Amino acid sequence: MGRSKQTFFYLLISSTFLLLCQSVTAAEVTLDPSSWGLEEGKACVDCHAKASAGLTHQWKNSVHAQVNVNCLDCHLAYEDDEDAMEHEGSIIATIVSPKDCGRCHETEFKQQEGSVHAKAVSIINNRMPALAEHFGSLSINDAGCAKCHGSKVKVRGDGTLDPTTWPNTGIGRINPDGSTGSCSSCHGRHQFSKAQAREPSACTHCHSGPDSPDKDVYETSKHGMMFEAHKDEMNMSSDDWVAGKDYSAAPTCVTCHMGAAGKMKSTHDVGMRDSWNLNEAVSTKQYLVIFEDGDKRELSTSDPVPRRGESISKMDGSMGKVKAVASPKRRRGAMTKTCLECHSKNFANNAMLQFDNVVELYNEKYGKPAQAIMQALYSENLLTPLPFDEPLEITYWKLWHSGGTRARHGAAMSSPSNTWEGMSEVGSLFYGKFLTQVGEVADPEKAEEIIKQHIKESEHHEWLNNPGKANPILGYGKGSSNEN
Ligand code: HEC
Ligand code: HEC
Ligand code: HEC
Ligand code: HEC
Ligand code: HEC
Ligand code: HEC
Ligand code: HEC
Ligand code: HEC
């Protein structure tokens, strides 16, 4: 806990010493210390110590309080801010957006703003509005989807926030000032501690359930097992937190997706080290395109590789000039760097190969044929374009989404139970329901033709051509010991 005082001390002494002291890494704060600790802010503390004692207590225990960053330094607003309001003689805003934090923490702000996390609202808007609309209603969006993905915060005339859109700390929340995300989605307020954000629970709050079953995945991996047993040795509140140096008992989500390892620095862009897109009907490897203004987008390897200087469309549809492109191989290289702090090269590469093999298997055996069959049915008008009105569409969605996502995430993060559970769900749905339901929307001959075209000639489904073959181990089929 003496840590932050010590850091502050270093901040004050000569910069030459700072350079020599590479191991003492203060959060690099962009604003000059003389510009915070606003005098007016002291009144907030006095009154709120009574008006909302718990909240004030949390702040008092924070690094911010220790370095003299007070309520107004964060809640400060300008009169022309959309959500500015007059409060006890000061102009404040309730929302402290990433841009507000970015006044002092520019690096984290910029990394976060360019990450997939910051795009979590547009991913809903552009890709699957029907899911919320047809299975639920707006209230499930407000209290479900938007709590993880983020709301578009609306401000009422008097500067107060529209109650259907706030409270909300979704990861891609669209703020009144136009910035996206919410730093308190991982850094719980009002302590804003980095130790707490390093815990797996900072992520599994959202990364659980059908969209992203990583809580189950992590807990049933050997990494989760070791974390649970050795939590006390994880050095969570260390200033630096470099894998293999400051801790070695187990990696957490942060270690692999954000954390420092060797010379590789920690980052607030969680997507940087991922080479696949594991949440599509068919997974493809992904380039990461970095634009000149710092914005980013992913592109599948099936698209042409953009060149430096070329203008291409960004996630939001506007055009951007390409500054750099990271290949899937480079992204994988960054991820593997973390493994090498605790494992051998062979071990890590082999684990990655086993993972890639599961993704390929899923793609070739189920993802691609199921997608091709659906496309054939749509183009023959045997399915309406409206999503989810036919049972087959629901089966298809559960197949690639619930089962397929679980299997692929399971294999990515070494959870055998989730890999198998997910793949067995995919297989059961495919053979037990999907193919039958194709027969319900198309006439028998048409169904047979489409199925034959897409699966009967594939080696993956060859086993279907041997109905006489028995498997005694399973306890059924001809020749089994249970036969009677
Ligand atoms: C004289 C007492 C007093 C002072 C001074 C004061 N507040 Fe408040 N503040 C309150 C009370 C009371 C509430 C309402 C609490 C409630 O609704 O439970 C409130 C509410 C708030 C809210 C929440 C508004 C919302 O939309 O939910 C914020 C944010 C806030 N104060 C910040 C500040 C800041 C920053 C300062 C200093 C510039 C400050 N307050 C000064 C008493 C005070
Ligand atoms: C480091 C920046 C920071 C500091 C310092 C800070 N806040 Fe906040 N505060 C936030 C953030 C972030 C939120 C969440 C609002 C949002 O973006 O949804 C928040 C929310 C609030 C809320 C409304 C949410 C709730 O749980 O009721 C109140 C009230 C509030 N702050 C009061 C205070 C007071 C009083 C102080 C000083 C004792 C203070 N804040 C200091 C960043 C800060
Ligand atoms: C518990 C938090 C949570 C809730 C609730 C949630 N999501 Fe997600 N969603 C996620 C996460 C995390 C991902 C990212 C998964 C990944 O990239 O691996 C995601 C991914 C997605 C994707 C991308 C592809 C896919 O389907 O996986 C879409 C579309 C989506 N969510 C829509 C929705 C909609 C619509 C709702 C509400 C009906 C919803 N989500 C509810 C956390 C959530
Ligand atoms: C996805 C979760 C997540 C979000 C969102 C997030 N952070 Fe962090 N933050 C972390 C983690 C984890 C750490 C600790 C990283 C480490 O030690 O490797 C951290 C560390 C920090 C640090 C300390 C850096 C240092 O070098 O000591 C600051 C400052 C910070 N975050 C600010 C922010 C700001 C500002 C935002 C919003 C723009 C934000 N964070 C959003 C997870 C998050
Ligand atoms: C007025 C400047 C200022 C603002 C605004 C500000 N911070 Fe900080 N923050 C600091 C300073 C100074 C430190 C201490 C740096 C150090 O000693 O490492 C700090 C430290 C942190 C840390 C590290 C805490 C730890 O456990 O070591 C986190 C995380 C953080 N801030 C997050 C945020 C978030 C999130 C916001 C917005 C809600 C925010 N800060 C707004 C100045 C600010
Ligand atoms: C408030 C909810 C929330 C929290 C907390 C959260 N995430 Fe996410 N995360 C999401 C959503 C939603 C997406 C999907 C966003 C998208 O694809 O645009 C996502 C996407 C991701 C991705 C996928 C990147 C890619 O390449 O597609 C990774 C990896 C990830 N998060 C890691 C983390 C880690 C690690 C933490 C904790 C330190 C964390 N997240 C905390 C909601 C959250
Ligand atoms: C041992 C390292 C490790 C740990 C620990 C870990 N992950 Fe992962 N994670 C990976 C790898 C490797 C991938 C696959 C990357 C790729 O696409 O090449 C992955 C993929 C993901 C994805 C899917 C991204 C995509 O491309 O669609 C999400 C989301 C995610 N992890 C979140 C989490 C969360 C949340 C936790 C903690 C509960 C966690 N991870 C723990 C290594 C890890
Ligand atoms: C901070 C240290 C640390 C990091 C980083 C780390 N691991 Fe591990 N890993 C462990 C420990 C400890 C175990 C459990 C060893 C044991 O007793 O079997 C383990 C076990 C495993 C296992 C289970 C092997 C088995 O017994 O079936 C796999 C697979 C694995 N790690 C892969 C990875 C990959 C891939 C990465 C990088 C994306 C990675 N690990 C990063 C510490 C780490």
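Note that the structure is a prediction, hence the values are computed from the model and not measured. Throughout, numbering of the chain's residues begins at 1 and tracks the sequence. Ligands are counted one by one from 1 in listed order, and the atoms in each one are counted from 1 as well.
- Counted within 6.0 Å of CZ on Arg156, heavy atoms from surrounding residues, nucleotides or ligands total more than 12; the atom is thus considered enclosed.
- In summary, Asp73 and Arg103 do not engage in a salt bridge, as defined by a charged side-chain N under 4.0 Å from a carboxylate O.
- Inclusion of His105 in the first shell of atom 8 (Fe) of ligand 5 is supported: an N, O or S atom falls under 2.8 Å.
- Side chains of His401 and Asp211: a donor on one and an acceptor on the other come within 3.5 Å.
- With 3.5 Å as the limit, one finds a donor-acceptor pair spanning the side chains of Ser52 and His48.
- Residue contact check: Val29 has heavy atoms under 4.0 Å from atoms 11 (C), 12 (C) of ligand 5.
- Considering backbone and side-chain atoms together, Ser193 places no N or O closer than 3.5 Å to any N or O of ligand 5.
- Ring pair Phe388/Trp397 is perpendicular by interplanar angle, where above 60° counts as perpendicular and below 30° as parallel.
- Of all heavy-atom pairs spanning Val153 and Thr165, the tightest one is CA-OG1, 3.7 Å.
- Here is the list of ligand 5 atoms found below 4.0 Å of a heavy atom in Trp36: 1 (C), 2 (C), 12 (C).
- Applying the 4.0 Å criterion to heavy atoms of Cys183 picks out, from ligand 5, the atoms 35 (C).
- When heavy-atom distances to ligand 1 are checked against 4.0 Å, the residues falling inside are Ala43, Cys44, Cys47, His48, Ala51, Cys71, Leu72, His75, Met85, His87, Glu88, Ser90, Ile92, Thr94, ordered by chain and number.
- Both the backbone and the side chain of Phe192 come within 4.0 Å of ligand 5, counting heavy atoms alone.
- By the 30° and 60° cut-offs, the orientation of the rings of Trp276 relative to Phe355 is perpendicular.
- Crowding of Lys314 atom NZ: a count of heavy atoms from other residues, nucleotides or ligands under 6.0 Å exceeding 12.
- Within the 4.0 Å heavy-atom criterion, neither part of His187 lies near ligand 2.
- In this structure, Lys60 does not count as a contact residue of ligand 2, since none of its heavy atoms falls inside 4.0 Å of the ligand.
- For ligand 5 and Cys104, the ligand atoms under 4.0 Å from any heavy atom of the residue are 1 (C), 2 (C), 3 (C), 4 (C), 5 (C), 42 (C), 43 (C).
- Using the six-membered ring where Trp is involved, His64 and Phe192 have ring planes that are perpendicular, over 60° apart on the 30 and 60° scheme.
- The minimum distance between atom 8 (Fe) of ligand 2 and any N, O or S atom of His190 involves atom NE2.
- To the nearest 0.5 Å, the span separating SG on Cys74 from CD1 on Ile95 amounts to 13.5 Å.
- Numbered from 1 in the order shown, with element, the atoms of ligand 2 that lie under 4.0 Å from a heavy atom of Arg173 read 16 (C), 17 (O), 18 (O).
- Because its NZ or CZ atom is not both nearer than 6.0 Å to the ring centre of Phe291 and within 45° of the ring axis, Arg297 does not count as a cation-pi partner of that residue.
- Note on His64: counted as a metal contact of atom 8 (Fe) of ligand 5, an N/O/S atom lying under 2.8 Å.
- Electrostatic pairing of Lys321 and Asp295 does not count as a salt bridge here, judged by no charged N lying under 4.0 Å from a carboxylate O.
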